[in-house]
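Within every chain, numbering begins at 1; the chains are lettered A, B, ... in the order of the sequence lines, protein sequences first and strands thereafter.
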Protein chains: 2
Amino acid sequence: MRAIARVTLQSIADRLGVSRMTVSNAFSRPDQLSDALRGRILAEAESLGYLGPDPSARSLATGATGAVGVLWATELRQALSDEVSARFLGAVADELAPSGLALTLLPTRAEGTVVLARDVAMDGAIAFSCDPRLPALDWLQRRNLPLVYVDMTAPRGQVSITIDDRGGARAAAQHLVDLGHRKVALVTPGFGPDAGPTPGPLPEAARQLRVIAERHAGWMEALMAAGVEPTLVNQPKHVADAGEGARLLFASSDRPTAALCLTDVIAQAVLAAAADAGLRVPEDLAVVGFDDHPLALRTRPTLTTVRQDVDAKGRAAARALLRLIAGRADASLSRPRNRCLPVQLQVRGSTQAGFSRTE
Amino acid sequence: MRAIARVTLQSIADRLGVSRMTVSNAFSRPDQLSDALRGRILAEAESLGYLGPDPSARSLATGATGAVGVLWATELRQALSDEVSARFLGAVADELAPSGLALTLLPTRAEGTVVLARDVAMDGAIAFSCDPRLPALDWLQRRNLPLVYVDMTAPRGQVSITIDDRGGARAAAQHLVDLGHRKVALVTPGFGPDAGPTPGPLPEAARQLRVIAERHAGWMEALMAAGVEPTLVNQPKHVADAGEGARLLFASSDRPTAALCLTDVIAQAVLAAAADAGLRVPEDLAVVGFDDHPLALRTRPTLTTVRQDVDAKGRAAARALLRLIAGRADASLSRPRNRCLPVQLQVRGSTQAGFSRTE
DNA sequence: GTAAATATCTTTACCGGTACAGAAACCCGT
DNA sequence: ACGGGTTTCTGTACCGGTAAAGATATTTAC
């Protein structure tokens, strides 16, 4: 449904009496022709309303598409914070943009994901904290695309960018132990609806999600070493449920004195529930989050949490992917290495009296 | 740098002694050939490791790319909440996925955006709450792509999806007026660093951002009608600054009794600052946000705010874009209409005592 | 039993570019 | 003046598909 015949390289070439290749070079390889001619070509193109080479045609000819995909776990989005995801995406996109690559979202929640993963043109992809058993992930692998796994345990030989979830969680739990807590609740999705007061091992489904599995493992390591058995486990399916779950938690006769939360967003819900139950934080209940989400500073008391640098994670993932893509063309480049970014415990008001008001 | 010669439609055709077109149809138009032959073709393709038609080649031939772009205002991301952006993107992506379209992010913060907007293949685009003077937006228009403007005032003849920012803001301000407040602060980015205690008209830069301009206009309409002149204006550049700014606000001798905040995220920072200053909310200070961000329920007291349905907005935008794209092929389709989604004031604890604990 | 409709596959003609290997003209030092 | 290196442009050969119309069977309708 184009009103007029499309302007192509050839049509410009014809009007100027030069070869099509020369016009192509005027746009893509300015050093291949004289400035004078290039100027005439660009002027003619402008007057004809030509906008530059057609992206699809160029992709076909060059083999590069100008975009990389992100397999995005929208289910986990409910457990992790959207803000963290958005920040990550922003960091990746920013790091990619100078090289002219855009970021294509392949949300896993939608029905069409397999089709997307199979049919959308891309030069590489990032799998961001999604279930490793996802069919769409299979397709990306079969397409033999450069692939970076973020917050996931990568298959052998694949590149992963992770953070030290386990170490951070261990530090968080150890912090509570050091404060003398012996009745500690774990507030995390990943256990089934039948999760009892004392948690068993993580069910298979949760074990697949590295973020949950590792943080859980870290907590358990520190607690077990101290002889503390987590007394209660609460399994919010959505963040919205976390508050409701926390209320149940506090109603228990054997109320915990501290809560380890999978994320800051969940911790915030626990704080709100504690306030509603008339519990003082940190005196009656200590609360620890994870991520150092911006909101950890906006709660009152401020939230003790484990800081991760989402921005750095995004940039590292983008750089690793760029390296992989470059490696396709130049086999002499070394493969990017797996990276595990450090995290750091941030002690604030929700576990230490006196921290409430100040940073 | 492919290890072996690429498997193409032709190579499959050759091995089976059929025409290339038939193989193409086996993948793209199953009704064009017998099931028996199709089965043999697919089996052969499978054994050769063929993954389906090459996306770039297909785009070139069909003129469709399978992706739409989103011009994403990463600057505004700091003022609006990331969570709201992420939710919006998720809704758009979900609505698009069944039709096989992926979502390509074109972040405006990055340097390469113009290149992206010009060179990335897409079938259409959504401009999401970004500065209308953006060069990248020009390119999208010049490419003559189907384009939907979200939270922006669309140029004549273009499609826009907005919410009733002005009406919502008016209702929020009226609510405060009705409660008897006469000293009202506006907490919003958009004024320069020299913004005085009494705000003048919005500067040009802010006027371009529809969300800021409209909400501001709505506030002023209600306040002026009631003879209330906003006493103080505070201009956080980032959300992180909002708390700091609010502290200055409260230090003033002529402390306001209520604060109208551009977003819930900013309101949350104001709440935290109020707590630090020893002010009781809502008794000493009433606070109103905007968006009905999930966190509005997680603050204590819960936050009075103006609810918008971000999910509906995303879906509406996606549907409008799909209509525009379909209209390219079938001129008989009517153009999607501009839509302005309703909003609703949600009164909670931050303006009304007694609402603190309950929803 | 025969003409028209249907199913199945093939032919032809693109889609709009880029890579790479020349070819022609030009420049330079000696 | 002459061989060799540049610069600047052109020719050829793809990149990997799809659309639309044509060519044969094979049915169906009556």
Side-chain angles (χ1 to χ4, degrees), chain A residues 1-2 4-14 16-41 45 48-66 100 118-123 143 328-329, chain B residues 1-2 4-14 16-42 44-45 48-66 100 118-123 143 328-329:
Chain A
M1 188 64 243
R2 296 193 178 87
I4 27 177
R6 179 162 186 135
V7 187
T8 121
L9 281 186
Q10 186 68 65
S11 61
I12 300 176
D14 290 347
L16 262 56
V18 299
S19 87
R20 179 175 38 156
M21 200 59 233
T22 300
V23 182
S24 170
N25 283 334
F27 287 95
S28 307
R29 299 164 75 167
D31 58 318
Q32 295 295 301
L33 72 174
S34 67
D35 287 348
L37 179 54
R38 175 154 193 262
R40 282 170 51 214
I41 292 177
L48 259 52
Y50 183 73
L51 298 172
D54 179 88
S56 296
R58 175 186 279 206
S59 310
L60 177 58
T62 61
T65 68
R118 195 184 48 200
D119 291 347
V120 173
M122 31 189 170
D123 296 333
R143 281 176 68 174
R328 289 272 156 131
Chain B
M1 194 64 263
R2 296 191 177 87
I4 28 177
R6 179 159 187 140
V7 186
T8 124
L9 282 185
Q10 186 70 64
S11 61
I12 299 175
D14 291 347
L16 262 55
V18 299
S19 85
R20 178 175 37 154
M21 198 60 228
T22 300
V23 181
S24 170
N25 284 333
F27 287 95
S28 308
R29 299 164 73 169
D31 58 318
Q32 295 294 302
L33 73 174
S34 67
D35 286 348
L37 179 53
R38 175 155 193 261
R40 282 169 52 213
I41 291 177
L42 294 185
E44 186 67 21
L48 260 54
Y50 183 73
L51 299 173
D54 179 88
S56 296
R58 174 186 281 209
S59 309
L60 178 57
T62 61
T65 68
R118 197 184 47 200
D119 291 346
V120 173
M122 32 189 169
D123 296 333
R143 280 177 68 175
R328 289 271 158 133

*Asks:* Choosing from D:dC9, C:dG17, C:dA19, which nucleotide comes nearest the side chain of A:Leu9?
*Replies:* C:dG17

*Asks:* Do B:Ser56 and A:Thr65 have side-chain heavy atoms sitting under 4.5 Å apart?
*Replies:* yes

*Asks:* Rounded to the Å, how far apart are A:Leu33 CG and D:dC9 P?
*Replies:* 6 Å

*Asks:* Check nucleotides 10-14 of chain C against the protein and report each pair of N or O atoms closer than 3.5 Å, with its distance, or say if there are none.
*Replies:*
| from | atom 1 | to | atom 2 | distance (Å) |
| --- | --- | --- | --- | --- |
| C:dT10 | OP2 | B:Ser19 | N | 2.8 |
| C:dT10 | OP2 | B:Ser19 | OG | 3.2 |
| C:dT10 | OP2 | B:Thr22 | OG1 | 2.6 |

*Asks:* Do we see a donor-acceptor contact under 3.5 Å between the side chains of A:Thr8 and A:Ser11?
*Replies:* no

*Asks:* Starting at atom CZ of A:Arg38, determine the distance to atom P of D:dT7, rounded to an integer number of angstrom.
*Replies:* 17 Å

*Asks:* Roughly how far, to the nearest 0.5 Å, is the CZ atom of B:Arg40 from the CG atom of B:Leu16?
*Replies:* 5.0 Å

*Asks:* Between atom CD1 of B:Ile41 and atom CG of B:Leu9, what is the distance when rounded to the nearest 0.5 Å?
*Replies:* 9.5 Å

*Asks:* With sequence neighbours left out, what residues match B:Asp54 under salt bridge (Lys or Arg N to Asp or Glu O under 4.0 Å)?
*Replies:* B:Arg6

*Asks:* Can a side chain N or O of A:Tyr50 be found less than 4.0 Å away from OP1 or OP2 on C:dG17?
*Replies:* yes

*Asks:* Summarise how protein sits on nucleotides 21-26 of chain D as a single string, 5' to 3': B when a protein heavy atom is under 4.0 Å from the base, S for sugar-phosphate-only contact, - for no contact.
*Replies:* ------

*Asks:* Mind listing the residues from residues 51-61 of chain A sitting with a heavy atom below 4.0 Å of DNA chain D? Number order is fine.
*Replies:* A:Leu60, A:Ala61

*Asks:* Does B:Thr22 reach the main-chain N or O of B:Val18 with its side chain, forming a donor-acceptor pair under 3.5 Å?
*Replies:* no

*Asks:* Can you check the A:Asp35 CG to D:dT7 C1' distance for me, whole Å?
*Replies:* 12 Å

*Asks:* Please tell me if A:Thr62 has a side-chain N or O lying less than 4.0 Å from either OP1 or OP2 of D:dC15.
*Replies:* no

*Asks:* Rounded to the nearest Å, what distance is computed from the CZ atom of residue B:Arg29 to the P atom of nucleotide C:dC9?
*Replies:* 15 Å

*Asks:* Assign A:Phe27 to base, sugar-phosphate, or nothing according to its heavy-atom contacts below 4.0 angstrom with the strands shown.
*Replies:* nothing

*Asks:* Run the salt bridge (Lys or Arg N to Asp or Glu O under 4.0 Å) test against A:Asp123 and tell me which residues pass, sequence neighbours left out.
*Replies:* none

*Asks:* May I ask you to evaluate whether A:Thr8 reaches the phosphate of C:dG17, defined as a side-chain N or O under 4.0 Å from OP1 or OP2?
*Replies:* yes

*Asks:* Would you mind reading off the distance between A:Arg6 atom CZ and C:dG17 atom C1', rounded to a whole angstrom?
*Replies:* 11 Å

*Asks:* Distance check needed: C:dG16 C1' versus A:Asp14 CG, whole Å only.
*Replies:* 14 Å

*Asks:* Can I get a per-line list of side-chain donor-acceptor pairs under 3.5 Å for residues 26-38 of chain B, giving both atom names and the distance, sequence neighbours left out?
*Replies:*
| from | atom 1 | to | atom 2 | distance (Å) |
| --- | --- | --- | --- | --- |
| B:Ser28 | OG | B:Arg58 | NH2 | 3.1 |
| B:Ser34 | OG | B:Leu37 | N | 3.3 |
| B:Arg38 | NE | B:Ala26 | O | 2.7 |
| B:Arg38 | NH2 | B:Ala26 | O | 3.3 |

*Asks:* Can you tell me how far CZ of B:Arg20 sits from CD1 of B:Ile12, rounded to the nearest 0.5 angstrom?
*Replies:* 12.0 Å

*Asks:* Could you give the distance from CZ (B:Arg143) to CG (A:Leu51), rounded to the nearest 0.5 Å?
*Replies:* 8.0 Å

